[in-house]
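Presented below is the structure to which this report refers.
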Amino acid sequence: MTNTSLTRRRLLGMGLGSVATAGLFSKPALSAASTQDEINLRENGNFHDSFHRVYSFLDEMMDAYAQGSTLRLIQSFSDQQGLLSTAFTYDNAQVIHAYLLRGRKDDIDRARTIGDSLIYAQQNDPNFNDGRLRQAYFVDQPDPNGVFIRLALAPFFFIGSAVGDMAWAAIALAQLYRRTREPRYLEGAINLGNWIFNVTFDTRGAGGYNFGVDGGNNLQLFKSTEHNIDAYALFKMLARLTGSSVWTNRAEHARNFLAAMWNSDAGL
């Protein structure tokens, strides 16, 4: 979520803030300054104020069309009118991580609301009942059940499902389960993990997992290294949370693909 012209992917490549948003740093790690500039910012309070203003913006975006415990996702951009009320699944997964990172009671409640909304979308898809989510949803009007989630049809048709988006949503739900121990979040993560395996598992070439499906549910037979990294991280997480070797084996399938893509001479 941003009120600048930066894209989602560019924002997530900008370092400390993006890593913290993804929930990969603990609070102590976040507060440990890595440069003198960051130390100075913390000493004069600017970092603290900026950090919490980010959450104020997230709260404002989350409450744009509905408030309280009403199930809803968050519109991804406030300044790109052409995208209307599009809420990307990937973005909402990152917001869950952000709220869990700060961890106030209201933050956890908001993370639960977004998690419950992803599960609602997963369980109430009008066309499929196989654990998937769509790339994005419209969130400015309620569906017949009063939930502010509708398929993002015309003019964009953001209704495909990519492995990376599914993996990040599942990771967010798994983290919600770790924090709350509420089984529905783990179940939602497992359902997404099963969709990735059942639909995109591939044995061609180096194996790994295909990209996903397009809006017409046609399998996309190319592969993304990034998405296979996402799948590996998810499957390893599910292996730890469930104790099942099934997820370890699925993770290794992604890892084998990643190893085959590694260029040892170039170091990348």
Side-chain angles (χ1 to χ4, degrees), residues 1 7-13 73-77 80-95 114 117-141 143 147-173 188-235 250-251 253-254 256-258 260-261:
M1 314 296 165
T7 64
R8 297 184 299 132
R9 294 295 182 181
R10 184 178 172 191
L11 273 174
L12 289 173
L73 296 175
I74 306 180
Q75 179 176 315
S76 288
F77 295 95
Q80 297 193 19
Q81 299 302 317
L83 282 173
L84 305 176
S85 69
T86 301
F88 288 100
T89 297
Y90 176 90
D91 293 346
N92 278 265
Q94 304 311 320
V95 176
I114 299 172
S117 298
L118 290 174
I119 291 173
Y120 176 88
Q122 184 184 54
Q123 295 178 344
N124 292 272
D125 192 283
N127 304 114
F128 302 100
N129 185 28
D130 56 5
R132 77 179 68 188
L133 290 166
R134 307 301 184 105
Q135 179 186 6
Y137 300 88
F138 288 147
V139 295
D140 60 333
Q141 297 179 17
D143 71 1
V147 175
F148 282 72
I149 298 174
R150 298 177 296 115
L151 290 184
L153 299 174
F156 309 117
F157 295 96
F158 290 137
I159 55 177
S161 302
V163 164
D165 295 342
M166 302 303 100
W168 271 105
I171 289 169
L173 292 174
I190 288 172
N191 288 338
L192 283 162
N194 282 332
W195 183 88
I196 292 172
F197 177 78
N198 292 334
V199 175
T200 71
F201 179 91
D202 192 27
T203 58
R204 296 174 302 139
Y209 297 90
N210 292 314
F211 189 86
V213 298
D214 65 14
N217 200 39
N218 301 300
L219 186 63
Q220 303 294 283
L221 294 175
F222 52 93
K223 301 170 188 177
S224 162
T225 302
E226 177 188 357
H227 288 192
N228 275 269
I229 292 171
D230 300 339
Y232 174 79
L234 168 63
F235 293 156
R250 293 177 178 183
H253 189 69
N256 291 338
F257 172 81
L258 295 170
M261 295 301 103

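From a predicted model like this one, the values you see are computed outputs, not experimental measurements.
With respect to the salt-bridge test (charged N to carboxylate O, under 4.0 angstrom), the residues Arg150 and Asp140 qualify. Using a cut-off of 4.0 Å between Lys/Arg side-chain N and Asp/Glu carboxylate O, Arg132 and Asp125 are scored as not salt-bridged.
When all heavy atoms of Ser117 and Ile149 are compared, the closest pair comes out as O-CD1, 3.4 Å. Counting all heavy atoms, side chain and backbone alike, Ala251 lies closest to Tyr232 at O-CD1, 3.2 Å. Ala152 and Ile159 make their closest contact through O-CG2, 3.8 Å (heavy atoms, listed as atom of the first residue, atom of the second, distance). Considering all non-hydrogen atoms of both residues, Trp195 and Gly131 come closest at CB-C, 4.3 Å. In this structure, Asp230 and Ile171 approach most closely via the heavy-atom pair O-CD1, 4.1 Å. For the residue pair Thr200 and Gly212, the shortest heavy atom distance occurs at CG2-CA, 4.0 Å.
In this structure, Asn210 CG and Asn228 CG are separated by 8.5 Å, a value rounded to the nearest 0.5 Å. The distance from atom CD of Gln135 to atom CG of Leu151, rounded to the nearest 0.5 Å, is 12.5 Å. We find the OG1-CZ distance between Thr225 and Phe257 to be 4.5 Å, quoted to the nearest 0.5 Å. The structure places CZ of Phe148 at 12.0 Å from CG of Leu73, a figure rounded to the nearest 0.5 Å. Between the CZ atom of Phe138 and the OG1 atom of Thr86 there is a distance of 4.5 Å, given to the nearest 0.5 Å. Rounding to the nearest 0.5 Å places CG of Asn124 at 7.5 Å from CG of Asp143.
At least one side-chain heavy atom of Pro155 sits under 4.5 Å from a side-chain heavy atom of Leu84. Ile196 places a side-chain heavy atom less than 4.5 Å from the side chain of Leu234. Looking at Leu83 and Phe156, their side chains come closer than 4.5 Å, going by heavy atoms from C-beta outward. Using a 4.5 Å heavy-atom cutoff, the side chains of Leu173 and Ile119 are in contact. Counting only heavy atoms from C-beta outward, the side chains of Asp91 and Ile74 never approach each other to under 4.5 Å.
Asn198 and Asn194 share no side-chain donor-acceptor pair at under 3.5 Å.
Residues Tyr120 and Tyr137 keep their aromatic ring centres 6.0 Å or farther apart.
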#### Entry: Derivation of the side-chain contact (heavy atoms from CB on, under 4.5 Å) call for Asp165 and Leu133
CA-CA 8 Å; Asp165 295 342; Leu133 290 166; over 6 Å; no
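Distance alone, capped at 3.5 Å, places no donor-acceptor pair between the Gln141 side chain and the Val139 backbone.
Using the six-membered ring where Trp is involved, Phe201 and His253 have ring planes that are parallel, under 30° apart on the 30 and 60° scheme.
A side-chain contact (heavy atoms from CB on, under 4.5 Å) with Arg134 is found for exactly one of Phe88, Phe157, Phe128, namely Phe128.
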